[in-house]
Amino acid sequence: MSKHTAVHGTFALERTFPSAPERVFQAFADPKAKARWFAAPADWEQSRGKMEFKVGGKEHMSGAPPGQQQHVFDATYLDIVLNQRIVYVYEMHIGAAKISVSLATIEFTPAGKGTRLVMTEQGVFLDGYDDAGSRERGTKGLLDQLEAALR
Amino acid sequence: MTRRSAQHGSFVLERRYPAAPARLFAAWAVPEQRQRWNVHGSWVVTEETFDFREGGEELKRFGPPGDPVHVARTRYEDIVPGRRIVMSSTTRVRDVLTSATLITVQIESAGTGSRLVFTYQAVLLDEGERLVNREEGWNSILDKLGVALAAPA
């Protein structure tokens with residue numbers, strides 16, 4: 001691709017779950033709990049690398065729709081405050097192309113007996129492969145899966 | 001339990017420099033060139049490592065003269081030579097995380113010189129942090145970059 005574009009975008013998603021902050025946080029911190037909801041559609045071929053949930057630790061996941069190129073998620077954890085906050089940066093690739101770099105902040109706040117979660121993503125979308133709108137829709141889908149996993 | 005604050009924000013700065021895109025890119029890529037301008041105002045850098053490549057990580061300790069309490073760790077996420085640099089970084093003050101940022105530098109030719117678009121997206125993690133201070137700091141740094149580019153290469 002000859003034109004090297006970079007388009008910036010931000011979105012914030014908010015959910016309230018009936019589970020306590022400790023349990024919602026664990027769904028992000030524990031690799032087995034996270035695998036229950038942070039997953040590609042069922043018909044994708046999927047592989048998971050080691051998840052190192054610590055500051056500076058990495059997480060890697062890849063998957064491909066039937067007959068299509070690999071989608072790769074590569075994250076590095078920047079900040080972890082137990083039961084309160086997680087900050088990480090992640091890159092997405094499709095095949096050999098890097099399509100985005102995003103800074104994600106997840107905040108967990110007690111709300112009655114449950115938890116209010118705010119997920120903010122500040123991203124740069126590269127070379128026209130993706131945009132903030134479609135990433136927001138995809139992330140909403142993941143939070144729907146989280147909601148189902150917490151039930 | 002102390003609640004931690006997190007403020008999100010962004011700003012975009014633009015500059016035109018009378019230097020070709022390759023020279024402007026080199027001012028970021030080449031350590032000896034970047035050292036001429038990469039701290040704001042009268043602040044000083046007291047420790048610095050360089051690793052300008054995709055996946056490369058750098059450390060910079062800086063602050064007011066005599067009190068270099070800020071430590072920035074930067075990772076290069078994307079580099080398109082002569083055109084684009086995307087980097088993520090964290091800043092700590094006395095080991096307390098104060099921000100995580102995503103910076104995009106875009107370079108394009110403009111007449112005989114070049115245009116730089118600098119986009120700063122950040123989450124500020126300490127109540128005392130203000131985005132406007134970060135913006136002032138980067139305005140100062142980009143002005144110093146202009147001075148460095150005006151000097152003989």
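Fair warning: this is a prediction, and the values are worked out from it, not measured in the lab. Every chain is numbered from 1, with letters handed out A, B, ... down the list of sequences.
Proximity to chain A is absent for every atom of B:R73, based on heavy atoms less than 4.5 angstrom apart. If you measure heavy-atom distances from A:Q122 to chain B, the contacts under 4.5 Å come from both the backbone and the side chain. Using a 4.5 Å cut-off between heavy atoms, A:S102 touches chain B through its backbone atoms (N, CA, C, O) alone. Only the side chain of B:Q106 comes within contact range of chain A, with at least one heavy atom under 4.5 Å from a heavy atom of that chain. For chain B, the nearby parts of A:V124 are the backbone and the side chain; heavy atoms of each come within less than 4.5 Å. Residue B:L97 touches chain A through its side chain alone, counting heavy-atom pairs closer than 4.5 Å. For chain B, the nearby parts of A:V101 are the backbone and the side chain; heavy atoms of each come within less than 4.5 Å. Interface remark: B:V123 contributes backbone and side-chain atoms alike to the contact with chain A (heavy atom separation under 4.5 Å). Neither the backbone nor the side chain of A:V118 comes within less than 4.5 Å of any heavy atom of chain B.
Ring pair B:Y120/B:W138 is tilted by interplanar angle, where 30° to 60° counts as tilted. The aromatic rings of B:F62 and B:H70 lie parallel to each other, with less than 30° between the two planes, well short of the 60° mark.
Taking chain B as the reference chain and counting heavy-atom pairs below 4.5 Å, the highest number among A:L126, A:L78, A:T76 is found for A:L126. Chain A forms more heavy-atom pairs under 4.5 Å with one residue of B:T90, B:V117, B:D78 than with any other, namely B:D78.
With A:Q46 contributing its side chain and A:A40 its backbone, the two residues share a donor-acceptor pair below 3.5 Å. The main-chain N or O of B:A19 is found under 3.5 Å from a side-chain atom of B:S114 such that the two form a donor-acceptor pair. A donor-acceptor pair under 3.5 Å is absent between the side-chain atoms of A:S19 and the main chain of A:V24, judged by distance alone.
The pair B:D143-B:R15 meets the salt-bridge criterion, since a charged nitrogen lies less than 4.0 angstrom from a carboxylate oxygen. In this structure, A:K98 does not pair ionically with B:E77, as no charged nitrogen and carboxylate oxygen lie closer than 4.0 Å.
Taken from CZ in B:F50 to NZ in B:K60, the straight-line distance is 8.5 Å, to the nearest 0.5 Å.
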